[in-house]
Amino acid sequence: MDYICEVSSKFRYFALGILLLCSFSLRSNVFSKDSLNSASAQIVFHYNTGYGFLLPHHPIMRPMAESHFWIHELSFEKKVDNSWSHRFNRPDYGFTLFYSNMNSDILGKGVGLYPYIDFPLIFNRRFLTFKSGMGLAYLSNKYDAFDNWQNVAIGSNLNILISLAIKYNLKFNDRITISTGPSLTHFSNGSTSFPNLGINLVNWSLTFKYTSQGAEGRLLCIKEKKEKKQFWNVSAIWGSREIKPYGSQNYNVFGLNLNYHIKNQRQFYWNTGLGVWHNNATEARLLRRELKDYSEFEKLRVGMHAGITFDFDTWYFLIQMGGYLFDQPKLDGQAYHRFGLLYNATDRFGINLTLKTHYARADHFELGVSYIFKRK
């Protein structure tokens with residue numbers, strides 16, 4: 001049984017990694033030869049260093065924040081031009097390699113790789129930008145009941161990495177740009193392994209950006225696709241989570257989501273929908289609390305949600321907030337949140353990777369298959 005659980009855990013992380021990389025690269029035209037006159041396109045390198053600290057968002061984490069430390073990042077970026085980039089004032093795209101020795105015997109070291117998008121915040125003026133990225137990270141130290149029991153933040157070596165940064169950019173010449181600003185790096189496994197309080201690294205960064213000598217690249221005349229004003233999609237999802245005590249088994253989560261998306265602006269849709277979840281961890285949690293059995297029907301949760309869907313042609317970024325219409329055990333409060341990626345493999349079928357939370361507490365990751373219908 002232990003071997004089966006170990007294989008299942010490795011499969012989950014492998015699937016998460018493939019979905020993350022595919023969602024940002026496949027058919028997104030980030031490095032498409034049709035985006036620019038590739039013979040003259042510029043290539044951009046970044047080196048970023050930041051000095052920061054662990055943000056102990058829970059009192060039990062304070063002993064882990066031993067001292068300040070440095071964060072290092074190396075990024076590769078390429079200027080592109082495609083239909084959806086015009087909606088967002090032609091943001092920059094790239095991949096970042098992350099490393100930090102967190103100056104702590106409890107936390108250890110962290111290395112990660114993530115794709116990112118750097119959005120201009122004021123129309124197409126690039127002196128102030130917002131960088132957002134998501135990928136995978138390996139943390140050398142995790143919770144261990146014998147060797148590292150003080151690490152109450154992370155129970156797995158492999159985790160999701162989320163990076164957010166606001167940058168002020170000062171361009172010295174055509175090749176050299178220096179940027180500075182605050183950034184946040186978050187590590188989490190989505191409750192697939194306990195503990196999962198998560199790790200938040202806050203730092204103030206300084207970035208040196210070098211642009212190759214090549215010409216800036218000829219912008220092509222992009223013919224916008226006929227925009228779809230609305231569509232419906234239904235998703236069948238699967239997830240997995242662990243509950244206390246640390247090191248216990250994983251429980252499957254199955255669900256079905258129906259969502260309606262209607263265009264508000266060129267950049268995004270409003271969305272609303274219904275969700276139904278069957279969480280096998282609910283039974284174990286109830287048994288420990290009330291020492292009695294519950295029926296399968298009572299393990300169901302039914303919720304209604306609404307939010308924003310950002311449109312990137314073949315993939316979408318989803319943010320939703322909702323409340324439960326039916327949740328008899330009421331173990332996690334009335335409200336829930338969902339955010340993540342939807343990727344359209346074809347005009348009808350897609351895949352999704354989303355995270356469902358209750359405020360700042362992760363409930364589970366959702367891997368799903370989506371069917372799109374009634375597209376207008």
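Residues take their numbers from the sequence shown, with the count starting at 1.
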Could you tell me whether the side chain of [X] and the main chain of [Y] form a donor-acceptor pair under 3.5 Å?
X: Ser104; Y: Ile106; result: yes
X: Arg348; Y: Ile372; result: yes
X: Asn159; Y: Asn157; result: yes
X: Ser205; Y: Gly181; result: yes
X: Asn141; Y: Asp105; result: yes

Measuring only between side-chain heavy atoms, which start at C-beta, is [X] closer than 4.5 Å to [Y]?
X: Leu139; Y: Leu107; answer: no
X: Asn200; Y: Met61; answer: no
X: Ser163; Y: Ser132; answer: no
X: Phe365; Y: Ile160; answer: yes
X: Ile176; Y: Tyr210; answer: yes
X: Met102; Y: Leu54; answer: no
X: Tyr343; Y: Leu353; answer: no
X: Leu258; Y: Trp232; answer: yes

Note to self: Using the rule given for side chain to side chain contact (heavy atoms under 4.5 Å, CB included), can you reason through Lys263 versus Asp311, listing the C-alpha separation, both sets of side-chain angles and the distance that settles it, and then say yes or no?
What the structure shows: CA-CA 9 Å; Lys263 200 83 169 184; Asp311 181 11; 2.7 Å; yes

Considering non-hydrogen atoms only, spot the tightest contact between [X] and [Y] and give its length.
X: Trp315; Y: Ile117; value: CH2-CD1, 3.9 Å
X: His358; Y: Tyr324; value: NE2-OH, 2.7 Å
X: Ser100; Y: Phe69; value: OG-CD1, 3.6 Å
X: Phe339; Y: Ile162; value: CE1-CD1, 4.5 Å
X: Gly155; Y: Asn189; value: N-ND2, 3.9 Å
X: Asn89; Y: Pro120; value: O-CG, 3.5 Å

Margin query: Show, in sequence, the C-alpha distance, side-chain angles and deciding distance for Met64 and Asn151, and conclude whether the side chain to side chain contact (heavy atoms under 4.5 Å, CB included) test is met.
Written below: CA-CA 7 Å; Met64 301 171 58; Asn151 189 346; 3.6 Å; yes

With hydrophobic residues grouped by side-chain heavy-atom distances under 4.5 Å, do [X] and [Y] end up in a single group?
X: Leu184; Y: Leu113; value: no
X: Ile199; Y: Ile60; value: yes
X: Leu136; Y: Met134; value: yes
X: Val276; Y: Tyr336; value: no
X: Leu74; Y: Leu206; value: no

Any side-chain donor-acceptor pair under 3.5 Å between [X] and [Y]?
X: Ser183; Y: Asn203; result: yes
X: Gln320; Y: Asn259; result: yes
X: Glu77; Y: Tyr116; result: yes
X: Asn271; Y: His261; result: no

Next item on the list: Look at the aromatic rings of Phe119 and Phe130 and report parallel, tilted or perpendicular, splitting at 30° and 60°.
Entry: parallel

Margin query: Can you classify the ring geometry of Phe127 versus Tyr168 as parallel (below 30°), tilted (30 to 60°) or perpendicular (above 60°)?
Written below: perpendicular

Atom [atom1] of [X] and atom [atom2] of [Y]: how far apart are they, to the nearest 0.5 Å?
X: Asn352; Y: Leu367; atom1: CG; atom2: CG; result: 8.0 Å
X: Tyr316; Y: Leu341; atom1: OH; atom2: CG; result: 13.0 Å
X: Phe76; Y: Thr96; atom1: CZ; atom2: OG1; result: 11.5 Å
X: Thr180; Y: Ile178; atom1: OG1; atom2: CD1; result: 9.5 Å
X: Trp277; Y: Asp363; atom1: CH2; atom2: CG; result: 9.5 Å
X: Ser193; Y: Ile154; atom1: OG; atom2: CD1; result: 9.5 Å

Contacts of type ring-ring contact (aromatic ring centres under 6.0 Å, His included), residue [X], not counting sequence neighbours:
X: Phe349; answer: Tyr371
X: Phe326; answer: Phe297
X: Trp149; answer: none
X: Phe317; answer: none

Next item on the list: Would you check, one step at a time, whether the test side chain to side chain contact (heavy atoms under 4.5 Å, CB included) holds for His46 with Asp92?
Entry: CA-CA 12 Å; His46 300 244; Asp92 297 326; over 6 Å; no

Next item on the list: Check side-chain hydrogen bond (donor to acceptor under 3.5 Å, both in side chains) between Tyr47 and all other residues, then give those that pass, not counting sequence neighbours.
Entry: His72

Next item on the list: Please list, chain by chain and in numerical order, all residues satisfying side-chain hydrogen bond (donor to acceptor under 3.5 Å, both in side chains) with Asp118, sequence neighbours excluded.
Entry: Thr129, Lys167

Which other residues end up in the same hydrophobic cluster as [X], if Ile, Leu, Val, Met, Phe, Trp and Tyr are linked when side-chain heavy atoms come under 4.5 Å apart?
X: Met304; answer: Leu274, Leu325
X: Val369; answer: none
X: Tyr51; answer: Trp70

Next item on the list: Under the side-chain contact (heavy atoms from CB on, under 4.5 Å) rule, collect the residues that match up with Trp270, sequence neighbours excluded.
Entry: Ile262, Asn264, Phe268, Ile308

Next item on the list: Just jot down the salt bridge (Lys or Arg N to Asp or Glu O under 4.0 Å) partners of Lys131, sequence neighbours excluded, or say none.
Entry: Glu73

Margin query: Suppose we screen for salt bridge (Lys or Arg N to Asp or Glu O under 4.0 Å). Which residues come up paired with Asp332, at least two apart in sequence or across chains?
Written below: Arg285, Arg301, Arg361

Check: Going through the checks in order, is the side chain to side chain contact (heavy atoms under 4.5 Å, CB included) test met by Ile237 and Lys356?
Finding: CA-CA 11 Å; Ile237 58 175; Lys356 183 168 178 280; over 6 Å; no

